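These notes are about the structure you will find just below.
Keep in mind the model is a prediction, meaning the values are calculated, not measured. Counting from 1, the numbers follow the sequence of the chain as shown.
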Amino acid sequence: MTATLRELTEQGLVYAPGVWDGLTAKLAEQAGFSALCASGFAVSAALGLPDAELYTMTENLQAVRTIGEASALPLVADIDTGYGNAVNAARTAGRFAAAGVQGVFMEDQLSPKKCPICVGEPVDLISVEEASGKVRAVRDSLPDHVLMIARTDARGDDAIRRATAYVDAGADMIMPVTKTFETAEEWARCHDEVGVPLMATLTASTWTEREFTPEVLQQIGVRLALLPTQVLMAATGAAREALRRLAGGEAPADVSADALQHSEFVDLIGFPEVEAAQRKYLPSETNV
């Protein structure tokens, strides 16, 4: 059996790429990752929306279910602000746990949230008392094996004060965002003061992506490192270029020649397994 996310993070540093559907989940598993992240940024982008909590809890949950059906790897999910107060957040976390996730992370922003790397000004936060109550409600709603990861969008000393309160409320990990601290030394201080592992987001084009090597991550107490947008940016860039070439009149065969070949894609997506099941279970006259 696959180790749980809690067991993996207890053993050492775990990287989890951001995925948003069954295809990206399969690709990540086949690439050799040991865990996945249902990236809220990517899930929102797949709906054609910015990461501003415009989708509903149900839409996010459906994406998580699709990912879980495509891959058996441990999955950590972004539940944004929990979609309401502490009672709402507890119900949200319970639904995601029932869908099979092994970790959830929730932020202390005022709903609807804003992606901190997409806006210039500091984001609005709820009080530390309200946020701690939401953390406690989520932790109480989850099975013991599911990690409750508390994200803070505060900065500096306020972030450490909030993180300490969230650990007291039951958080298993703390997730500073890329703007929370400006140096690795501050991350290390946060880890020392809160006393639990940290989760980091190595978001594309941010300082954490550039500077947080595996060695640095381990030194500052990070046990779960997300790669939330690298796959999304790569896939979007490739798709945009292919569409540009096709719309510009380039021969489809020339565009296809530079892409994944059909036969390889058929194998990747699992057609041989489906055909084997058809031969095993279907009457011979209906076999495809």
Side-chain angles (χ1 to χ4, degrees), residues 16-28 36-71 75-85 88-89 91-101 103-126 131 134 138 149-153 175 177-180 199 201-206 208-209 226-244 246-247:
V19 299
W20 60 91
D21 61 8
L23 177 58
T24 50
K26 282 181 176 291
L27 288 169
L36 304 174
C37 169
S39 163
F41 190 99
V43 168
S44 188
L47 294 171
L49 299 170
D51 186 19
E53 206 172 334
L54 296 174
Y55 58 48
T56 65
M57 183 269 277
T58 304
E59 288 173 306
N60 190 9
L61 181 61
Q62 182 55 53
V64 164
R65 285 173 173 160
T66 299
I67 293 166
E69 290 170 359
S71 172
L75 176 64
V76 58
D78 183 352
I79 62 170
D80 298 305
T81 62
Y83 310 103
N85 63 23
N88 300 115
R91 178 174 183 268
T92 294
R95 296 289 299 278
F96 276 70
V101 305
V104 298
F105 54 97
M106 180 181 67
E107 59 213 60
D108 53 6
Q109 282 194 44
L110 183 70
S111 182
K113 56 76 66 75
K114 298 177 182 178
C115 176
I117 63 171
C118 299
V119 296
E121 71 279 2
V123 296
D124 295 322
L125 307 182
I126 60 177
K134 291 176 73 171
V138 167
I149 303 161
R151 164 178 156 172
T152 182
D153 285 60
M175 174 188 175
V177 297
T178 54
K179 290 185 176 182
T180 296
M199 183 174 86
T201 52
L202 311 187
T203 307
S205 302
T206 63
T208 54
E209 181 194 42
L226 306 187
L227 303 166
T229 58
Q230 283 80 3
V231 179
L232 176 66
M233 300 305 174
T236 301
R240 182 171 65 179
E241 176 61 13
L243 289 166
R244 184 195 63 79
L246 291 168

Between L202 and T206 the two heavy atoms that sit nearest each other are C-OG1, 4.3 Å

Tightest non-hydrogen contact, residues A45 and L232, listed as CB-CD2, 4.0 Å

Nearest heavy-atom approach of A28 to P17 is CB-CG, 3.8 Å

side-chain contact (heavy atoms from CB on, under 4.5 Å) between V76 and L226, worked out:
CA-CA 9 Å; V76 58; L226 306 187; 4.1 Å; yes

In short, D108 meets A131 closest at the heavy-atom pair CB-CB, 3.9 Å

Subject >> Side-chain donor or acceptor of T229 paired with backbone N/O of A204 under 3.5 Å >> reply: yes

Here the gap from N60 atom CG to E53 atom CD, rounded to the nearest 0.5 Å, amounts to 9.5 Å

Requested in this report: Using atom types as modelled and distance alone, determine if a side-chain donor or acceptor of T81 lies under 3.5 Å from a backbone N or O of Q109.
Outcome: no

Closest non-hydrogen atoms of A25 and L36, given as atom of the first, atom of the second and distance, are CB-CD1, 4.0 Å

Heavy-atom nearest pair, K26 first then A70, reads CG-O, 3.8 Å

Here the gap from K179 atom NZ to T203 atom OG1, rounded to the nearest 0.5 Å, amounts to 11.5 Å

Would you say the side chains of E209 and Q230 form a donor-acceptor pair under 3.5 Å? yes

In this structure, OG of S44 is separated from CG of D51 (nearest 0.5 Å) by 5.5 Å

In this structure, CG of L54 is separated from CG of D80 (nearest 0.5 Å) by 10.0 Å

Side-chain contact test, heavy atoms from C-beta onward, threshold under 4.5 Å: evaluate it for V64 versus V101 and give yes or no. yes

To the nearest 0.5 Å, atom CZ of F41 lies from atom CE of M233 at 4.5 Å

Only one of K134, K114, K113 passes side chain to side chain donor-acceptor pair (under 3.5 Å) with E107, and that residue is K113

| query | Is the shortest heavy-atom distance from the side chain of V231 to the side chain of V19 under 4.5 Å? | reply | no

Interatomic distance, CD1@I67 vs CH2@W20, rounded to 0.5 Å, equals 9.5 Å

Checking D21 against T66: is there a side-chain donor and acceptor pair closer than 3.5 Å? no

